[in-house]
Amino acid sequence: MNQKSLLLLVGLSLCSSACNVMKDETYFGTTVPQHGPDEIWVMGGGDPQYLDPQLSHDNVSGEFGRNMFARVIDLMPETKKPIPALAQSWDISPDGTEYTFHLRKDLHWSDGKELNATDVEWSWKRLLNPATGATSATYGYVFANGEAFNSRAIYVSGLGSQHETKLEELKEYFSRFGKIEKLQKATGIEGFFIYLTGESTSEIQSARPQFIKAVKKEGVQKFPQIQVEISKSDVVQVKATNPHTVWVKLTNPIPYFLSMIDHTSFCPVPRHAIEATIEKTGRPELWTRPEHIVVSGAYNLTEEKFKQYRVLEKNPYYFDAQYVKVSKIKNLVNQDYHSSLYWYRTGETDWNYGNAVPTELSEPILKYKDYVREPNLAVYFYNFNVNKKPFDNKDVRRALHLSIDRKSIVEKITRAGQVPSSSPVPDGLNGYDIVGKEIFNPQKARELLAKAGYSEGEGFPTTTLKYNTSEGHRKIAEAVQQMWKKHLNVNIEIENLEWKVLLQDMQNLNFQMNRYAWIGDYPDPQTFLQLFISDSGNNHTGWKNSDYDRWMRLSDEETDPQKRNLLMQNAEEVFQEHVPATPIYVYTRGTMVKPYITGFYSDVLNHHLWKYLDIDERWYREVPENPLQPRPYVEKLYAH
Amino acid sequence: MLKFILGRSFGMVITLFVIIFVSFFVIRFAKGSPFSQEREVPPEVLQDLQARYGFDKPMSTQFYNYMKNIVRGDLGLSTKYPQRTVNEIIAISLPKTMVLGFFALLWAVIVGVTAGVIGAVKQNTKWDYSAMSLAMVGISLPSFVLGPILILFFALYLLWFPAGGWGSAKHLVLPAITLGTIYAAYIARLTRGGMLEVIRANFIRTARAKGLKEKAVIWKHAFKGGILPVVTFLGPAVAHLMVGSVVVEKIFNTPGLGPYFVDAAFNRDYFLIMGIVIVYSAFLLVLNLLVDVIYGIIDPRIRYE
């Protein structure tokens, strides 16, 4: 749909509102459910790429995953505090690096098979297995030795304890067998990992067997007991110590670990069903088809019409099944957010979770009571490429950073309650007090630019800001372009690119400035601050700063939450001094939820559990005077 | 005739090969990868994914393997929807595009011919003017404007039809009208023009002179001759209806083949793009051949020697 038809729609919708088509204009469209009280129709946007929770990395797939597969722990919808799920309780070692989860006793898969600790162990190692193809496998790097297994590092052991501590000497010795990127001491087991390097991954892959062969041949003379092989899953420090207990050791005391394993990547998956599907069809990815799927969560997939809809029905084996109210969820596919608004209006969906209300429509939609604005853990920013002129000069970056009038961007362009921010972290996240509080200071910006040698913008080279094609991004880029012209007298060109092209340019650092955004993975400042660590794969600025890295490393090792926040503030201070990227605002997310739906919780991570949803049946008869808020029973349920 | 068809079929195979060859390499040399995303993909995982689809091999080998698979009727795997093969996706969605196209054509022919006949018979009256003005509007109104207007009045205002989707006959009405209207307008003008030409012909005068009723003159004699240009127009129209439904399918969220064409390109879903290109090209080529053959049958002046 393009702009013209959009304007037409908005204009005509307003006109039709004036004609008083819908009786009650407090709500957008019908307020009577178009189906029985035992089902709910939701709209998930596009067709989910994966129903396999461990492979999913888009929002829709994630929503399916977390409603079809139970996690070891859940997060309380309102407070985001960990609450029991598959695990009834857990213990944390005093140093914060070891977790022991005690699973409930009578857990079952939807086919009646017992679900136990070995399923959890197998699944968490499956996430890390490179052959699984989980593009979010880096989540599993929290487990000790997880990175080594996922990177197919070479595991060397049997050298004797006197040698294993001298990593530098060992690196020198082993370099004769191949190009070594790094040597890493194994955790919890003896030995160490060797990461090879090379021109391409395929070159490294073929170098590994040669390296192992050479070590076996020559290394034996120096270390007679030497064992060398490509890391297997058993190096990962995740163990089912008995059928109901899972023990894990982390790389460091990660305070947000419990929030992290709420992610679908950590959902246990049914090994027996996956292996049976491979045996039957030869294609592992087919195990999530309705004819093969086995789940552990609230709902099971019973019908699938590709690109149309999916029907999910209540799973009687779910540990919390007694609290799942609605027995059927119909999940519609509609990629177009305008069209999905029509569907919502006529009652073909009760809730559009996949298609956020586009910013250009939020103004006319805002007035309706069923428009729900959710806070969103995501930050919009522009990356600077610090390797390219003129952004190799931090004063230039700071000048540009300080001359963006963020307040007018959120008030005049985005207009849906976004929070202007010059910090990469949303303020107040997990008690974190941001450092970058100065959101606009054109005077100081001019001084900084003059200091960098471009007084009044004179001699400022041609620079380009790249953004991915979208109406919203274009408007922001144009506004920022004008602000820089107005306040600094510098000319910036803007260029729109297809998303996949921009991604590639970003990975190759082939840009001067680009538009970027980061959606937090867990409610902790670390999820945003880790972006700018020197060796982070998601750092697309070329900026490397050892002070920043050190503060972040210290914060990872700190267990006291307040001290940890202070350490991260120190890191942010370094960030604010160098501004490798300029944050613009913290997102919000507008969604439509029919007033007869109860148990809907706004969520910063945009994660929703359908098991809480229900229908207030009074709406079938009339518009009730006191619509229900989210049900209180969740609190009661987890009080024990 | 047989020689002509055989000759053309051979040409078609060559054309199709060229299309496949060019598209295969054009798509591959476009920037971006099917597996890129915001979050960094670990290199070993990426390598395994590439290998699963054979993208780790040299381009010439990939093309050779692809051609080998095509000959066997295997269009490969989708990278965006890994649970589906391209064959499956096309098998699910092409019939929906065809059903939609069929009803759009039906609408176009019924409305267009009726309006055209009215225009011709009542030439230069208010009937003619209103029919032809409507046709003009139909031609000028792009589907991305007509679609939302229809949705607004018939789906949101009157609640007669759903605003989109798939499942029942009701779901088809609005998209079929949106898709078919422009063709209805063309057909109306063609019918009117054709009929007017024939109405002035000598044999019509003869028919009237021998005292035939006006109804019989129009339907038995004038209509048959006047409709010929429409028949020739239908061939390309069918092809266009299939390919041109991309926008309409997007507006009404019809789960047909159209939306994939665009999305697959943005997703760099190599095999899916190729699959759709092949299906569309084959479709066009076959329809063009059919049209040529039909021309030969209905117009005795054309000979295929």
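Keep in mind that this is a model prediction, so the values were computed, not measured. Values reported hereafter were calculated over all heavy atoms of this structure, with side chains retained and with hydrogens, waters and symmetry mates removed. Note on naming: letters A, B, ... go to the chains in the order of the sequence lines (proteins, then strands), and numbering restarts at 1 for each one.
- If you measure heavy-atom distances from B/R84 to chain A, the contacts under 4.5 Å come from both the backbone and the side chain.
- Chain A forms more heavy-atom pairs under 4.5 Å with one residue of B/V45, B/T254, B/N267, B/L49 than with any other, namely B/V45.
- The side-chain heavy atoms of A/T201 and B/E44, taken from C-beta on, include a pair separated by under 4.5 Å.
- Surrounding CZ of B/R189 are at most 12 heavy atoms belonging to other residues, nucleotides or ligands under 6.0 Å away.
- Most heavy-atom pairs under 4.5 Å with chain A, from the set B/N253, B/D263, B/L46, B/I89: that is B/N253.
- One finds no salt bridge joining B/E249 and A/K307 here, because no Lys/Arg side-chain nitrogen approaches an Asp/Glu carboxylate oxygen to under 4.0 Å.
- Contact of A/N468 with chain B is not made at all, since no heavy-atom distance falls under 4.5 Å.
- Using modelled atom types, one side-chain atom of A/K500 and one backbone atom of B/S33 make a donor-acceptor pair closer than 3.5 Å.
- Of the atoms belonging to A/T288, heavy atoms from both backbone and side chain fall under 4.5 Å from chain B.
- Listed by chain and number, the residues in a side chain to side chain contact (heavy atoms under 4.5 Å, CB included) with B/A155 are B/I151, B/A163, B/L174 (sequence neighbours excluded).
- In this structure, B/F103 places its CZ atom where only 12 or fewer heavy-atom neighbours from other residues, nucleotides or ligands lie under 6.0 Å away.
- Contacts of A/P284 with chain B are absent, with no heavy-atom separation under 4.5 Å from either backbone or side chain.
- A salt bridge between B/E38 and A/R515 is absent, with no side-chain N of the basic residue lying under 4.0 Å from a carboxylate O of the acidic one.
- Using a 4.5 Å cut-off between heavy atoms, B/F35 touches chain A through its backbone atoms (N, CA, C, O) alone.
- A distance-only check finds no donor-acceptor pair linking the side chain of B/D48 to the backbone of A/G133 [under 3.5 Å].
- In this structure, no portion of A/Y309 lies under 4.5 Å from any heavy atom of chain B.
- We find the OG-CD distance between A/S136 and B/Q37 to be 5.5 Å, quoted to the nearest 0.5 Å.
- Proximity to chain A (any heavy atom under 4.5 Å) is shown, for B/P142, by neither the backbone nor the side chain.
- Contact check for B/K31 versus A/D505: side-chain heavy atoms found under the 4.5 Å cut-off.
- Neither the backbone nor the side chain of A/W287 comes within contact range of chain B, judged by heavy atoms closer than 4.5 Å.
- Both the backbone and the side chain of A/D47 come within less than 4.5 Å of a heavy atom of chain B.
- Put simply, the side chain of A/Q49 gets close to the backbone of B/K80: a donor and an acceptor are under 3.5 Å apart.
- In terms of non-hydrogen atom pairs under 4.5 Å with chain B, the most contact-rich of A/R283, A/Q507, A/Q335 is A/R283.
- For B/L77, the part lying near chain A is the side chain, with the backbone staying farther off; criterion is any non-hydrogen pair under 4.5 Å.
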Next on the checklist: Pair B/Y81, A/F306 - check ring pair (Phe, Tyr, Trp, His ring centres under 6.0 Å), show working.
Outcome noted: CA-CA 10 Å; B/Y81 303 106; A/F306 187 55; 5.2 Å; yes
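- For chain B, the option among A/E285, A/M506, A/R152 with the highest count of heavy-atom pairs below 4.5 Å is A/R152.
- No side-chain donor-acceptor contact under 3.5 Å links A/D336 to the backbone of B/I251.
- Dense packing is recorded around CZ of B/F25, with more than 12 heavy atoms of other residues, nucleotides or ligands lying under 6.0 Å away.
- Using a 4.5 Å heavy-atom cutoff, the side chains of B/R39 and A/T138 are in contact.
- Contact count against chain B (heavy-atom pairs under 4.5 Å) is highest for A/R289 among A/E348, A/R289, A/K305, A/H57.
- By the 4.5 Å heavy-atom criterion applied to side chains, A/Y141 and B/P42 are counted as neighbours.
- Note: A/Q504 CD to B/R268 CZ = 8.5 Å, rounded to the nearest 0.5 Å.
- There is no contact between B/Q50 and chain A, counting heavy-atom distances below 4.5 Å.
- Summarising the geometry of B/Q83 relative to A/L51, their closest heavy-atom pair is NE2-N, 3.9 Å, with the distance given to 0.1 Å.
- Residue B/K170 places its NZ atom among 12 or fewer non-hydrogen atoms of other residues, nucleotides or ligands, all under 6.0 Å distant.
- The number of heavy atoms from other shown groups lying within 6.0 Å of CD1 (A/I519) does not exceed 12.
- Ranked by heavy-atom pairs under 4.5 Å with chain A, the first of B/P43, B/S36, B/P34 is B/S36.
- For A/Q34, no part lies near chain B; criterion is any non-hydrogen pair under 4.5 Å.
- Scanning all heavy atoms of the two residues, the minimum distance from B/G164 to A/W343 falls at C-CZ2, 3.4 Å.
- With a 4.5 angstrom heavy-atom cutoff, A/Y139 touches chain B only via side-chain atoms.
- Only the side chain of A/D521 comes within less than 4.5 Å of a heavy atom of chain B; its backbone N, CA, C and O stay farther away.
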